[in-house]
Amino acid sequence: MSLTTLSSALKAGALLLVLILIYTGLMTTDRITWLMEVTPVAIVVPLLLATHKRYPLTPLLYTLIFFHAIILMVGGMYTYAKVPIGFDVQEMFNLSRNPYDKLGHFFQGLVPALAAREILVRGGYVNGRKMTGFIVCCIALAISATYELIEWWAALAMGQGADDFLGTQGDPWDTQSDMFCALLGALTTVLVLGRWHQRQLEQY
């Protein structure tokens, strides 16, 4: 994919995300929770647009960021515990809770890990495939832990009003399972997407 084509695709994707952002903002019944959930999208999308010529990312990373943004916005619109497709999956597999939140945390590991890998490999900061994979997973887990701390602070500040933002659904081990899902996402980056990502990196 040429840089011109990539730039056009990025702008089209950003426009679509803005439209989805507006729609979810208008349709949500809890605007405060929605705002907290979509804040990363509102920060990252303008940043990617501002830097895409100076530091273009791989198509794979842009694509996964796009889907991660949609997951965040849909989760913010319904609150994660109430996303309709999550109830369908819950019923299909006879689960005890709506699993949409876990999809979000899987991507919370997958996408930051891929972004970290891209920066580390392109910058030549780490030597060796195994060490790169290890550091990438550590970075993804550090980001996941930071997000869990933010959720804790939100719970302290909002009291009972934080339930929708946290999406724990009564699970006392929600924090640990969230971080485990993030680790699975990071491992997917390293073990499944690594070669595909490497081929794209060699084009830049």
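Atom CZ of Phe180 is surrounded by 12 or fewer heavy atoms from other residues, nucleotides or ligands within 6.0 Å.
Cluster annotation: Ile139 is not connected to Leu47 through the hydrophobic network of ILVMFWY side chains, with a link wherever side-chain heavy atoms come within less than 4.5 Å. Linking Ile, Leu, Val, Met, Phe, Trp and Tyr whenever their side-chain heavy atoms come within less than 4.5 Å leaves Leu72 and Leu19 in two separate clusters. Residues Tyr125 and Ile143 share a hydrophobic cluster, clusters being chains of Ile/Leu/Val/Met/Phe/Trp/Tyr side chains in contact below 4.5 Å. Under the 4.5 Å side-chain contact rule for hydrophobic residues, Ile70 and Val18 do not share a cluster. Ile20 is connected to Met27 through a chain of hydrophobic side-chain contacts under 4.5 Å among Ile, Leu, Val, Met, Phe, Trp and Tyr, so both are in one cluster.
Between the side chain of Gln200 and the main chain of Leu60, a donor-acceptor pair closer than 3.5 Å is present. For Arg117 (side chain) and Gly133 (main-chain N/O), no donor-acceptor pair under 3.5 Å exists by modelled atom type. Put simply, the side chain of Thr39 gets close to the backbone of Leu35: a donor and an acceptor are under 3.5 Å apart.
Looking only at side-chain heavy atoms (C-beta outward), Val45 and Phe66 stay at 4.5 Å or farther from each other. Two residues are said to be in side-chain contact when any heavy atoms from C-beta on lie closer than 4.5 Å; Phe67 and Val111 fail this criterion. Put simply, the side chain of His105 reaches to within 4.5 Å of the side chain of Asp101, judged on heavy atoms. Counting heavy atoms from C-beta outward, Leu17 and Met73 have side chains that approach closer than 4.5 Å. Annotation: side chain of Gln108 is not in contact with side chain of Asp178 (no heavy-atom distance under 4.5 Å). Side-chain contact check for Met77 versus Glu37: every heavy-atom pair is 4.5 Å or farther apart. Contact annotation: the side chain of Val83 never approaches that of Leu103 to less than 4.5 Å [non-hydrogen atoms, C-beta and beyond]. Side chains of Ile85 and Tyr100 form a contact here, defined as non-hydrogen atoms less than 4.5 Å apart.
The list of side chain to side chain donor-acceptor pair (under 3.5 Å) pairs with a residue in residues 15-29, not counting sequence neighbours, reads Thr24-Trp34.
Applying the salt bridge (Lys or Arg N to Asp or Glu O under 4.0 Å) test to Glu118 and every residue at least two apart in sequence or in another chain returns Arg122.
Looking only at atom types and distance, the side chain of Lys102 has a donor-acceptor partner in the side chain of Ser177 under 3.5 Å away.
Hydrophobic clustering, defined by side-chain heavy atoms of Ile, Leu, Val, Met, Phe, Trp and Tyr closer than 4.5 Å, groups Leu95 together with Val89, Met92, Phe93.
In summary, Asp174 and Arg97 engage in a salt bridge, as defined by a charged side-chain N under 4.0 Å from a carboxylate O.
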